[in-house]
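Let me begin by presenting the structure, written as structure tokens, before commenting on it.
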Amino acid sequence: MGGILGNRILLTAIVADATAQALKAVVYLLIERKWCPERLFGSGGMPSSHSALVSALAAGVGIREGFGSTLFAVSAVFALVVMYDATGVRRSAGRQAHVLNDLILRLGHVLEEGFEHRALKTFLGHSYPQVLAGLLLGIAAAWISLG
């Protein structure tokens, strides 16, 4: 099967991402003792689906093209940028959203009657362990599928 559907590296990365999203919902259920379907599609949480996706891509390229190839270098740098962003900018944005949500609730009585509070999403980024778990999941997916 040719074309995009025959691209095992791409399909492996997508499966790693979907697996991480499913695991994220299960981990949330085990820790919080409640089902949250948003965890199947939302960002943030354990493991990082972004890290699983890009590490499966980079590992798959390394397995197929060689770990000394230019294509692996490009995909590895791309993966590092995505994982850095997940632990830096997006995590900080999630923390800020949490603080703003709390502030709005505490000051709600001060605001005008017409103010409608819509909670900001706080599951935006990842901790280092979450990114590491996603990284290991992605590499494992690539080795299983392509190794």
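Neither Val27 nor Leu137 shares a network with the other; the hydrophobic side chains, linked directly or stepwise wherever heavy atoms of I, L, V, M, F, W or Y lie under 4.5 Å apart, form separate groups for each. No continuous path of hydrophobic side-chain contacts links Val61 to Val81 [ILVMFWY only; heavy atoms under 4.5 Å].
Side chain of Ser55 to main chain of Leu135: a donor-acceptor pair is present (N/O by atom type, distance under 3.5 Å, no hydrogens or angles).
Minimum interatomic distance between Gly60 and Ile9 (heavy atoms only, all atoms of both residues): O-CD1, 3.6 Å. The two residues Trp35 and Leu29 come nearest to each other via the heavy atoms N-CD1, 3.7 Å.
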With a 3.5 Å cut-off and sequence neighbours excluded, list the donor-acceptor pairs that the side chains of residues 62-74 form with protein atoms.
{"unit_1": "Ser69", "atom_1": "OG", "unit_2": "Gly66", "atom_2": "O", "d": "2.8"}
{"unit_1": "Ser69", "atom_1": "OG", "unit_2": "Phe72", "atom_2": "N", "d": "3.0"}

Taking only distance into account, with no hydrogens and no angle test, what donor-acceptor pairs under 3.5 Å do side-chain atoms of residues 11-23 form with protein atoms, sequence neighbours excluded?
{"unit_1": "Thr12", "atom_1": "OG1", "unit_2": "Arg8", "atom_2": "O", "d": "2.6"}
{"unit_1": "Thr12", "atom_1": "OG1", "unit_2": "Ser145", "atom_2": "OG", "d": "2.7"}
{"unit_1": "Thr19", "atom_1": "OG1", "unit_2": "Val15", "atom_2": "O", "d": "2.7"}
{"unit_1": "Gln21", "atom_1": "OE1", "unit_2": "Lys24", "atom_2": "NZ", "d": "3.0"}
{"unit_1": "Gln21", "atom_1": "OE1", "unit_2": "Ser49", "atom_2": "OG", "d": "2.6"}
{"unit_1": "Gln21", "atom_1": "NE2", "unit_2": "Arg39", "atom_2": "O", "d": "3.2"}
{"unit_1": "Gln21", "atom_1": "NE2", "unit_2": "Leu40", "atom_2": "O", "d": "2.9"}
{"unit_1": "Gln21", "atom_1": "NE2", "unit_2": "Gly42", "atom_2": "O", "d": "3.2"}

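Leu53 belongs to no hydrophobic cluster, as no Ile, Leu, Val, Met, Phe, Trp or Tyr side chain comes under 4.5 Å of its own. By the 4.5 Å side-chain criterion applied to Ile, Leu, Val, Met, Phe, Trp and Tyr, Ile144 is assigned to no cluster and stands alone. Taking a 4.5 Å side-chain heavy-atom cut-off between Ile, Leu, Val, Met, Phe, Trp and Tyr, the cluster of Tyr84 contains only that residue.
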Practice prompt. Apply side-chain contact (heavy atoms from CB on, under 4.5 Å) to Met46 and Tyr28, showing your working.
Written response: CA-CA 8 Å; Met46 172 65 94; Tyr28 188 87; over 6 Å; no
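Taking OG of Ser48 as the start and CG of Leu136 as the end, the distance is 11.5 Å to the nearest 0.5 Å.
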